[in-house]
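Here the structure is laid out as structure tokens; the discussion comes afterwards.
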Amino acid sequence: MASPDSVSGVDFIREIIAEDLKTNKHGGKVATRFPPEPNGYLHIGHAKSICLNFGIALENKGGVCHLRFDDTNPCKEEVEYIEAIKRDVLWLGFDWGKHLYYTSDYFEKLYEYAVQLIHQGKAYVCSLSTDEIREYRGTLTQSGKDSPYRTRSIEENINLFKRMRGGEFEDGAHVLRAKIDMASPNLNMRDPAIYRIRRTKHHRTGDTWCIYPMYDFAHCLSDSIEGITHSICTTEFENHRPLYDWILETLDVDCHPQQIEFARLNLSYTVMSKRKLLELVEEKQVSGWDDPRMPTISGMKRRGYTPEAIRNFCERIGVAKRESMVDIALLEHFVREDLNKRALRVMAVLHPLKVVIDNYPDGKEEDLECINNPEDTTMGTRKVPFSKILYIEQDDFLEEPPKKFFRLAPGREVRLRYAYFITCVSVIKDEATGKIKELHCTYDPETRGGSAPDGRKVQSTIHWVSAEHSIEAEVRLYDHLFTKADPCGEKDEADFKKFLNPDSLETLTSCRVEPCLANAKHGSRYQFERLGYFCVDTGDSTGKKLVFNRTVTLRDTWAKVQKAEGT
RNA sequence: UGGGGAAUAGUGUAACGGUAGCACAAGUGACUCUGGAUCACUUUGUCGGGGUUCGAAUCCCUGUUCCCCAGCCA
């Protein structure tokens with residue numbers, strides 16, 4: 001029996017938060033955080049987390065969400081990533097306001113906490129080597145054994161820890177460990193390392209430090225310092241929660257946030273780990289982190305996806321604990337849904353086929369009125385030039401049309417969108433190859449604008465551009481990055497690259513687009529009628545050479561028919 | 001018997017002892033100057049086995065499967 005005020009239909013995390021609010025657990029406050037490590041670009045999986053954390057803050061009165069860079073490992077982190085991450089979060093539509101933090105800002109405090117732990121007899125300096133520590137840790141089924149350094153006196157530990165900070169030791173010589181339980185069935189509790197020596201320049205603190213806190217130590221305390229109420233992370237950290245809680249309890253801090261774990265997002269036909277994505281970037285399998293085929297936020301942005309579409313997607317997939325694989329078709333659905341409402345329609349011919357209108361006067365040209373967006377008439381109309389010689393799509397003509405093919409064929413009449421009805425009268429082929437070179441058609445002057453006064457119907461409407469007036473453009477067609485829905489499903493982790501899709505990028509260099517596109521701005525999005533959504537590439541498009549990225553195709557029932565017939 | 005999680009249409013996610021719902025995908029039809037969009041309709045599901053109950057996806061027992069953990073990564 002559901003109580004009338006029970007929260008239902010929301011995810012389990014929001015349910016917990018609503019309950020906490022009701023019981024006044026955190027004094028009515030809601031503070032979340034998004035804590036990326038600046039060691040790579042953000043991807044759609046991060047978008048899920050961003051929407052969750054910032055979304056929760058937005059939904060609750062007085063709620064806040066901090067952006068905190070978890071920069072505790074100077075070996076892997078770079079400022080370039082920090083800037084990229086900030087840009088991507090903003091682009092997605094979220095704002096941390098004044099709440100921008102860095103774990104490195106807490107290094108001094110964290111050091112003091114570590115000293116306090118030593119004083120409490122709850123941490124010690126261990127001088128075992130990495131290999132020895134591993135040996136002493138035991139295995140999943142066998143308990144570990146105590147380090148011989150576990151019994152060092154507090155004074156000795158303090159002295160050693162100070163000298164670690166002072167730079168007296170080489171990397172790896174010592175490590176500070178929490179003194180918990182080497183027999184714990186949870187390996188994270190077997191005296192985890194909390195500080196290690198790294199004589200590496202940090203991108204923010206420079207050479208100030210040569211010891212750096214580990215994630216487990218830094219994260220919970222950073223949350224606590226910032227007054228976070230709900231620390232939301234992914235399920236692989238579930239095993240770390242006892243340690244998270246142990247540190248905050250042992251140190252007796254005022255603020256003890258609740259860690260809650262949810263399942264990370266997996267998307268079909270792509271990979272979702274910064275390590276793997278970095279590998280693709282470094283091996284030049286893609287042009288960079290913002291390659292439009294990448295599942296990164298910057299890649300999707302360059303591809304033409306909108307923040308709204310991504311947010312809608314994140315909302316729709318929900319939040320739960322079970323491992324799952326979301327169909328990339330769902331993401332594409334939200335992209336289409338959003339773009340359908342807002343994208344300007346234009347005509348573009350990707351694979352041009354020359355068409356001569358035999359009975360159209362030489363040298364004549366006229367401007368025909370076209371609707372910019374039938375979904376939104378406030379977007380108005382534009383004039384598109386028409387003339388005797390046109391280009392249509394090669395796919396829109398078949399010399400021997402199968403039964404369900406409605407487009408142009410010898411003797412058949414179709415409509416040129418917003419223009420005239422035309423009838424194909426002859427086909428000119430290359431004598432050597434047999435390839436169709438051009439079509440000759442006649443037009444019906446009575447059908448100007450696209451409708452016939454006698455009311456006769458045509459089976460289809462095709463798009464076109466005027467040969468003389470259209471401009472050349474390069475168009476990049478993208479397909480899934482991988483050929484396999486789950487490229488990481490193999491036994492061998494490294495095998496994912498076997499499934500890289502060799503056809504994920506097809507570059508078309510002789511496309512013809514409407515003249516109105518001559519001054520199209522970087523990133524602006526269009527629907528090329530009957531083809532899909534495209535945007536002006538921000539990287540390579542110039543005034544001299546227009547470059548478009550295909551964001552996503554239109555739903556294509558003809559393609560479906562063809563597939564069903566096995567052609 | 002290492003420990004920690006999770007199992008609901010093809011996919012994802014609701015239902016918190018009371019009609020298994022929603023979205024995508026798939027299919028059918030209507031409409032259409034985009035084979036687009038839109039609209040209507042349809043197919044498909046509670047991991048297995050026991051039990052409690054008038055009634056179980058939900059509670060109990062039991063089995064199975066999948067994921068995570070042996071970094072001085074996060």
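Just so it is clear: chains get the letters A, B, ... in the order the sequence lines come, proteins before strands, and each one is counted from 1.
- For the pair A:K48 NZ and B:rG12 P, the interatomic distance rounds to 11 Å; values are reported in whole Å.
- If you measure from atom NE2 of A:H219 to atom P of B:rA74, you get 11 Å, rounded to the nearest angstrom.
- The P atoms of B:rG17 and B:rU65 are separated by 31 Å, rounded to the nearest whole Å.
- Atom P of B:rC60 sits at a distance of 13 Å from the matching atom of B:rA6, rounded to the whole Å.
- Here A:E261 pairs with A:R241 in a salt bridge; the nearest charged N to carboxylate O distance falls below 4.0 Å.
- In the set B:rA14, B:rU34, B:rC72, B:rC72 carries the atom at the smallest distance from any side-chain atom of A:I133.
- Ring geometry for A:Y443 against A:Y420 counts as perpendicular: the plane angle is over 60°, on a 0 to 90° scale with 30° as the lower cut.
- Between the side chain of A:R316 and the base of B:rC22, a donor-acceptor pair under 3.5 Å is found.
- When distances run from any side-chain atom of A:N340 to the nucleotides B:rG36, B:rG35, B:rA23, the shortest one goes to B:rG36.
- Taking every side-chain heavy atom of A:R417 into account, B:rU34 is the closest of B:rA15, B:rU34, B:rC72.
- Taking the syn range as angles within 90° of 0, the glycosidic angle of B:rG55 is outside it, so the base is anti.
- To the nearest angstrom, P of B:rG36 lies 16 Å from CD1 of A:I462.
- Between B:rA70 and B:rU58, the distance separating the two C1' atoms is 37 Å to the nearest Å.
- Between A:H463 atom NE2 and B:rG36 atom P there is a gap of 15 Å when expressed in whole angstrom units.
- Aromatic ring centroids of A:F107 and A:Y212 lie under 6.0 Å apart.
- Using the Watson-Crick or G-U wobble rule with both distances under 3.5 Å, B:rG36 pairs with nothing in any strand shown.
- A:F405 comes within 4.0 angstrom of a nucleotide base, judged by non-hydrogen atoms across all strands.
- Nearest to the side chain of A:E529, among B:rG12, B:rU34, B:rG35, sits B:rU34.
- Here, B:rG50 and B:rU42 have their P atoms 34 Å apart, quoted to the whole Å.
- You'll find that the side chain of A:K321 is closest to B:rA6, out of B:rG12, B:rA74, B:rA6.
- Using a 3.5 Å distance cut-off with no hydrogens or angles, the side chains of A:R345 and A:H463 do not pair a donor with an acceptor.
- Taking the centre of each ring, A:F237 and A:Y244 stay at or above the 6.0 Å mark.
- Judged by Watson-Crick or G-U wobble contacts below 3.5 Å, the nucleotide B:rC66 has B:rG5 as its partner.
- Atom CD1 in A:I180 sits roughly 15 Å away from atom C1' in B:rG3 (whole-Å rounding).
- Side chain to side chain, A:H351 and A:D395 fail the donor-acceptor criterion of an N or O pair below 3.5 Å.
- Note on A:Y195: nothing from the nucleic acid sits closer than 4.0 angstrom, heavy atoms only.
- Nucleotide B:rU13: paired with B:rG21 (Watson-Crick or G-U wobble, both distances less than 3.5 Å).
- Judged by the 6.0 Å distance and 45° axis criteria, A:R165 is positioned over the aromatic ring of A:Y111.
- Atom CG of residue A:L52 and atom CD1 of residue A:I56 lie 4.5 Å apart, to the nearest 0.5 angstrom.
- Closest to the side chain of A:K560, from the set B:rA26, B:rG35, B:rC24, is B:rA26.
- Using a 4.0 Å heavy-atom distance criterion, A:Q459 is classed as making no nucleic acid contact.
- With rounding to whole Å, A:D376 atom CG is found 17 Å from B:rA37 atom P.
- A distance below 6.0 Å separates the ring centres of A:F217 and A:Y195.
- The residue A:P374 sits close to a base: some heavy atom pair falls under 4.0 Å.
- When heavy atoms are screened at a 4.0 angstrom cut-off, A:R190 is found touching no nucleic acid atom at all.
- For the residue pair A:E132/A:S129, the side-chain donor-acceptor check at 3.5 Å is satisfied.
- Looking at the side chain of A:R345, the nearest of the listed nucleotides B:rU13, B:rA74, B:rU34 is B:rU34.
- For A:R204 and A:D105, the salt-bridge test passes: some basic side-chain N is under 4.0 Å from an acidic carboxylate O.
- Not one side-chain nitrogen or oxygen of A:R14 sits closer than 4.0 Å to the OP1 or OP2 atom of B:rU13.
- Rounded to a whole Å, the CG atom of A:D395 is 16 Å from the P atom of B:rG36.
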Identify each atom pair where a protein N or O and an N or O of nucleotides 64-71 of chain B are less than 3.5 Å apart, giving names and distance.
residue, atom, partner, partner atom, Å
B:rC68, O2, A:N239, ND2, 3.2
B:rC69, O4', A:N239, ND2, 3.3
B:rA70, O3', A:R137, NH2, 3.3
B:rA70, O2', A:R137, NE, 3.0
B:rG71, OP2, A:R137, NH2, 3.0

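- B:rG35 has A:W558 stacked on its base ring, the centres lying under 5.5 angstrom apart and the planes within 30 degrees of parallel.
- Not one side-chain nitrogen or oxygen of A:R555 sits closer than 4.0 Å to the OP1 or OP2 atom of B:rG35.
- Of the C1' atoms belonging to B:rG10 and B:rG27, the separation is 13 Å, rounded to the nearest Å.
- Using a 3.5 Å distance cut-off with no hydrogens or angles, the side chains of A:S127 and A:R152 do pair a donor with an acceptor.
- You'll find a donor-acceptor pair under 3.5 Å spanning the side chain of A:R407 and the base of B:rG35, going by distance alone.
- Looking at heavy-atom distances under 4.0 Å, A:I317 makes contact with sugar-phosphate atoms alone, never a base.
- The pair A:K341-A:E337 does not meet the salt-bridge criterion, since no charged nitrogen lies less than 4.0 angstrom from a carboxylate oxygen.
- Within residues 260-278 of chain A, no residue has a heavy atom under 4.0 Å from RNA chain B.
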* Structure fact -> Reading nucleotides 39-45 of chain B from 5' to 3' and marking B where a protein heavy atom lies under 4.0 Å of the base, S where only the sugar-phosphate is that close, and - otherwise, the string is -------

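- Here A:I328 lies out of heavy-atom contact (under 4.0 Å) with every strand.
- Comparing B:rA57 with B:rG49, their P atoms sit 13 Å apart, to the nearest whole Å.
- Comparing A:R241 and A:A419 by the nucleotide of RNA chain B that holds the closest heavy atom to each, the one mapping nearer the 5' end is A:R241.
- For A:T72, a side-chain nitrogen or oxygen approaches OP1 or OP2 of B:rA74 to under 4.0 Å.
- Counting distance only, with no hydrogens placed and no angle test, the side-chain atoms of A:E375 and the base atoms of B:rU38 include no donor-acceptor pair under 3.5 Å.
- Nucleotide B:rU42 has B:rA26 as its partner under the Watson-Crick or G-U criteria, with both atom distances under 3.5 Å.
- Atom C1' of nucleotide B:rG36 and atom CG of A:N373 are separated by 11 Å, given to the nearest angstrom.
- Salt-bridge annotation for A:R407 and A:E393: absent, with no side-chain N of the basic residue lying under 4.0 Å from a carboxylate O of the acidic one.
- Looking at heavy-atom distances under 4.0 Å, A:V319 makes contact with sugar-phosphate atoms alone, never a base.
- Formation of a donor-acceptor pair under 3.5 Å by the A:N157 side chain with backbone atoms of A:V125 is found in this model.
- Aromatic ring centres of A:W558 and A:F406: separated by at least 6.0 Å.
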